[in-house]
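Remarks on the structure that follows.
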Amino acid sequence: KVNLTSINKYITCSLCGGYYIDATAIVACQHTFCRSCILLYLQTSSYCPVCDRQVIVSSEICTSLSDTTLQMLVYKLLPNIM
Ligand SMILES: [Zn+2]
Ligand SMILES: [Zn+2]
């Protein structure tokens with residue numbers, strides 16, 4: 001059985017505090033957020049909210065990580081949130 005508490009920090013968006021929805025990563029630093037969260041954040045900032053690395057253009061954001069292991073993990077562990 002997986003310990004959700006220990007894994008929570010890896011699948012939780014630091015912007016909204018919830019689990020990743022349509023997980024999207026900044027290419028430069030690989031920090032991951034909900035797609036809607038990071039796109040909204042970057043309308044008013046040019047820096048990664050976690051490590052302050054500069055994000056020059058929005059194309060540096062991965063379009064989507066929906067098919068990645070990370071997002072699959074969220075869906076698998078937390079079927080009730082969807
Ligand atoms: Zn979020
Ligand atoms: Zn970062």
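Values in this document were obtained by computation on a predicted structure and should not be read as measured data. Counting starts at 1 for both ligands and their atoms, in listed order.
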>> Please give me the minimum heavy-atom distance between Leu42 and Tyr47, naming the atom from each residue.
In response: CD2-O, 4.1 Å
> Do Tyr19 and Thr12 have side-chain heavy atoms sitting under 4.5 Å apart?
Replying inline: yes
> Any sub-3.5 Å donor-acceptor pair from Tyr20's side-chain atoms to Thr32's backbone N or O?
Replying inline: yes
>> Just so I know, are the side chains of Leu15 and Pro49 near enough to count as touching, which here means a heavy-atom distance under 4.5 Å?
In response: yes
> What's the SG-the Zn ion (ligand 1)-SG angle here (Cys37, Cys13), rounded to 10 degrees?
Replying inline: 120°
> If waters are left out, how many protein N/O/S atoms lie within less than 2.8 Å of the Zn ion (ligand 2)?
Replying inline: 4
> Between Cys48 and Val55, what is the shortest heavy-atom contact and its length?
Replying inline: N-CG2, 4.0 Å
> Looking at Val50 and Ser14, what are the two nearest heavy atoms and their distance?
Replying inline: CG2-OG, 3.6 Å
